Structures are given as structure tokens and as C-alpha cells.
Novice: 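This structure is in C-alpha cells; I'll ask about it shortly.
Bear in mind the structure is a predicted one, so any value in this text is a computation, not a measurement.
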Amino acid sequence: MHIENLKRKSIESRKKILKYIYNAKAGHTGGSLSILDILNVLYNDVMNVSPENFSSNTRDRFIQSKGHPTKAIHGIEQNTGGLGHGLPICAGAALAAKKDNSGVKVFTILGDGEMAEGSNWEAMMFAAHYKLDNLCAILDYNKLQITAPNEDVMGLEPIDQKLESFGWAVKHVDGHNLEELSQTLNNLPLENGKPTFIIAHTTKGKGISYMENVLKWHHGVPSKEQYDLAIEELDLQLQELETVSK
């Protein structure tokens with residue numbers, strides 16, 4: 001998908017997420033907005049997966065480790081949300097794909113607070129040992145957890161050195177730069193014989209000025225006034241995008 005179309009898709013998807021959360025009166029607003037650009041690129045520019053081929057064994061796999069997806073929705077691979085489950089599942093799926101010589105690629109998004117779960121580090125050892133270079137883990141590194149910044153709860157740094165010491169190929173990216181995301185994720189693995197770990201630097205609440213980097217929007221729900229203001233901001237972003245595209 002052309003980058004301009006991806007940019008438009010990101011803005012439109014932010015509007016949909018806010019609509020769903022506002023109407024449901026519940027949701028993880030900040031984190032949903034921080035991973036949206038990554039999901040946009042994965043589903044619309046990188047992965048071989050669609051509603052039509054979701055029952056095919058040759059489809060690429062994506063498991064959202066952070067959050068609470070459910071297989072009751074078509075297109076969701078696994079029920080997750082108990083943190084630390086997504087990467088181990090993906091490591092198993094990647095190994096199966098390797099044994100089948102299927103060419104399937106496996107992706108997951110991890111929350112930065114989730115990295116405190118020991119099961120992730122066990123899965124990282126497993127993936128490196130079996131040289132799962134068809135596996136890509138992406139860290140939503142927005143640096144805020146539900147109660148406080150990561151560094152106040154459980155510091156991750158130096159995260160890249162830790163990951164490399166576990167045998168992974170590591171790259172830092174801007175998690176909201178669609179061009180950089182597309183270029184990186186369409187050219188995997190970073191190193192043959194090694195699983196890939198992308199450290200995506202993101203902003204919690206990305207795209208809504210009064211939500212960005214504000215802790216309460218981890219699972220905050222906008223009021224009618226706040227919702228209208230957010231939609232107004234996003235509509236303005238769409239208008240600006242159309243102006244630049246002409």
C-alpha cells in the first residue's frame with residue numbers, strides 16, 4: 001500500500017478506535033493508539049494474511065501479546081492478555097513453520113511493561129536456540145505502564161544489549177514513521193539465522209494532543225467533549241494530508 005494511503009488509514013483507524021471506546025465506555029485508549037501505526041503497516045503492507053486466506057496454513061501469523069483479543073472475532077489467532085503469553089506461542093508457531101518449510105512469518109507486539117514477565121525471556125532463549133529467523137517481535141516502547149513510567153516500576157535499559165545477549169538481531173525504529181516501519185518490516189530477517197526484535201519507540205495516546213504521554217489515558221475513556229475534540233483533531237490531520245497529497 002502506498003505510504004500516503006497508509007497515513008490516511010492510520011488516521012481513519014484512530015477515529016474508529018476512539019468511537020469504539022467511547023461507545024463501549026471502556027478500553028485501553030493510550031496503548032491502542034501507540035501500536036496502531038505498527039498494525040497498519042503489518043496488515044496492509046507486510047503480512048500475507050486476509051479475511052480470504054485466514055484458514056490457509058500458508059498465511060502469516062500475528063499474535064497481539066499485549067491487550068485482550070479474543071478468537072471469537074474472525075482473524076484473531078489466539079486469546080491473549082495474560083501478559084507474557086504471546087511470544088512463547090509465536091516461538092512455537094515459528095518453529096512449526098520452519099519444520100514445514102512453509103515460508104510463514106510470525107509476528108507479535110509486546111508491551112514494554114510486559115517485558116518483566118519471565119516467560120518472554122524463556123521464549124527468547126528458545127527462539128535463538130532454534131534459529132527462528134521467521135519470527136519478529138515488536139516492542140511497543142511507549143515507556144508508560146498502567147501506574148507509572150517503566151523506569152519507576154521495572155527498568156528495561158539497556159534493552160537492546162539484553163536482547164542481543166539472548167541471541168536476537170535488534171533494531172530501533174520510530175514506531176510512528178510509516179516509511180521506516182515499512183522498509184524495516186518488509187526486509188526481514190535482520191540477520192539470517194536469528195529471530196528479529198524491533199524496538200519501536202512510540203507515544204502513548206499518539207495522534208490526540210491531550211492524550212499523548214499522559215498516564216491516565218492508559219485505559220481512560222473520553223467524555224463527549226473530549227471525544228468530539230479528538231475527532232476534530234483527526235479530521236484536521238486528514239485535511240492536512242489531503243492538502244499535501246494534491
Novice: For K7, is there an ion pair with E4 - N to carboxylate O distance below 4.0 angstrom?
Specialist: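 Yes, charged N to carboxylate O under 4.0 Å.
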
Novice: Side-chain donor-acceptor pair under 3.5 Å between K171 and T184, yes or no?
Specialist: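 Judged by distance alone, the side chains do pair up.
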
Novice: Starting from V153, can I reach I159 by hopping between I/L/V/M/F/W/Y residues whose side chains sit under 4.5 Å apart?
Specialist: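 Shared cluster, no.
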
Novice: Please verify the inter-ring angle class for Y141 with H201; under 30° counts as parallel, over 60° as perpendicular, anything in between as tilted.
Specialist: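 Ring orientation of Y141 relative to H201: tilted.
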
Novice: Under 4.5 Å between side-chain heavy atoms, counting indirect links through other Ile/Leu/Val/Met/Phe/Trp/Tyr residues: same cluster for L135 and I63 or not?
Specialist: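 No, separate clusters.
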
Novice: Kindly give the heavy-atom pair with the smallest separation between L18 and I208, and that separation in Å.
Specialist: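 Smallest heavy-atom distance, with atoms named: CD1-CD1, 3.8 Å.
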
Novice: Say whether D112 and N150, considering side chains only, have a donor N or O and an acceptor N or O under 3.5 Å apart.
Specialist: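 N150 and D112 do have a side-chain donor-acceptor pair below 3.5 Å.
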
Novice: Pair Q78, T80 - check side-chain hydrogen bond (donor to acceptor under 3.5 Å, both in side chains), show working.
Specialist: CA-CA 6 Å; Q78 292 289 338; T80 56; over 6 Å; no

Novice: Is W168 reaching over with its side chain to a backbone N or O of M124, donor-acceptor style, under 3.5 angstrom?
Specialist: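 Checked: pair present.
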
Novice: Would you say the side-chain atoms of Q145 and T147 include a donor-acceptor pair closer than 3.5 Å?
Specialist: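 No pair is found: no donor N or O on one side chain lies under 3.5 Å from an acceptor on the other.
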
Novice: Can you confirm if the NZ or CZ of K25 lies within 45° of the ring axis of Y22 and under 6.0 Å from the centre of its six-membered ring?
Specialist: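 Relative to the ring axis of Y22, which defines the angle, K25 lies inside both limits.
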
Novice: List the atom of C136, the atom of I198, and the distance in Å for their closest heavy-atom pair.
Specialist: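 In terms of heavy atoms, the two residues are closest at SG-CG1, 3.8 Å.
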
Novice: With the side chain counted from C-beta on, respond yes when L236 and E232 share a heavy-atom pair under 4.5 Å apart, and no when they do not.
Specialist: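 A side-chain contact is absent here, since even the closest heavy-atom pair is not under 4.5 Å.
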
Novice: Once you round to the nearest 0.5 Å, how far does CG of L87 lie from CD of E122?
Specialist: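 Rounded to the nearest 0.5 Å, the CG-CD separation comes out at 10.5 Å.
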
Novice: Any idea which heavy atoms bring G175 and A200 closest together, and the distance?
Specialist: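 Reported closest heavy-atom pair: CA-CB, 4.0 Å.
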
Novice: Just checking F62 against Y43, ring centres under 6.0 Å apart?
Specialist: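 Centroid separation for F62 and Y43: below 6.0 Å.
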
Novice: I need the D160 CG to S165 OG distance, nearest 0.5 Å.
Specialist: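 The distance works out to 10.0 Å.
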
Novice: Before accepting this row, confirm whether a basic side-chain N of the pair K162/E157 lies closer than 4.0 Å to the acidic partner's carboxylate O.
Specialist: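 No, this pair does not count.
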
Novice: Do H176 and D37 meet the criterion of a side-chain donor-acceptor pair at a distance under 3.5 Å?
Specialist: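 On atom types as modelled, these side chains qualify, holding a pair under 3.5 Å.
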
Novice: State the OG-NZ distance between S32 and K206, to the nearest 0.5 angstrom.
Specialist: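 It comes to 16.0 Å.
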
Novice: Is NZ or CZ of K16 both nearer than 6.0 Å to the six-membered ring centre of Y20 and within 45° of the ring axis?
Specialist: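 Pair K16/Y20 does not count as cation-pi.
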
Novice: Check side-chain hydrogen bond (donor to acceptor under 3.5 Å, both in side chains) between D140 and all other residues, then give those that pass, not counting sequence neighbours.
Specialist: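 Scan of D140 (side-chain hydrogen bond (donor to acceptor under 3.5 Å, both in side chains), adjacent residues dropped) gives S34, K66, N142, T202.
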
Novice: Considering the options K71, R59, Q64, which one meets the side-chain hydrogen bond (donor to acceptor under 3.5 Å, both in side chains) requirement together with E77?
Specialist: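 That would be R59.
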
Novice: What distance separates Q239 CD from L241 CG, expressed to the nearest 0.5 Å?
Specialist: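 Here the rounded value is 11.0 Å.
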
Novice: Roughly how far apart are N213 CG and K143 NZ, rounded to 0.5 Å?
Specialist: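 Those atoms lie 9.0 Å apart.
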
Novice: What donor-acceptor contacts under 3.5 angstrom involve side-chain atoms of residues 97-107, with partners at least two apart or in another chain?
Specialist:
residue : atom : partner : partner atom : Å
K98     : NZ   : D133    : OD1          : 2.4
S102    : OG   : A97     : O            : 3.4
S102    : OG   : V104    : N            : 3.3

Novice: Atom CD1 in I199, atom CG in L163: separation rounded to 0.5 Å?
Specialist: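 Those atoms lie 5.5 Å apart.
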
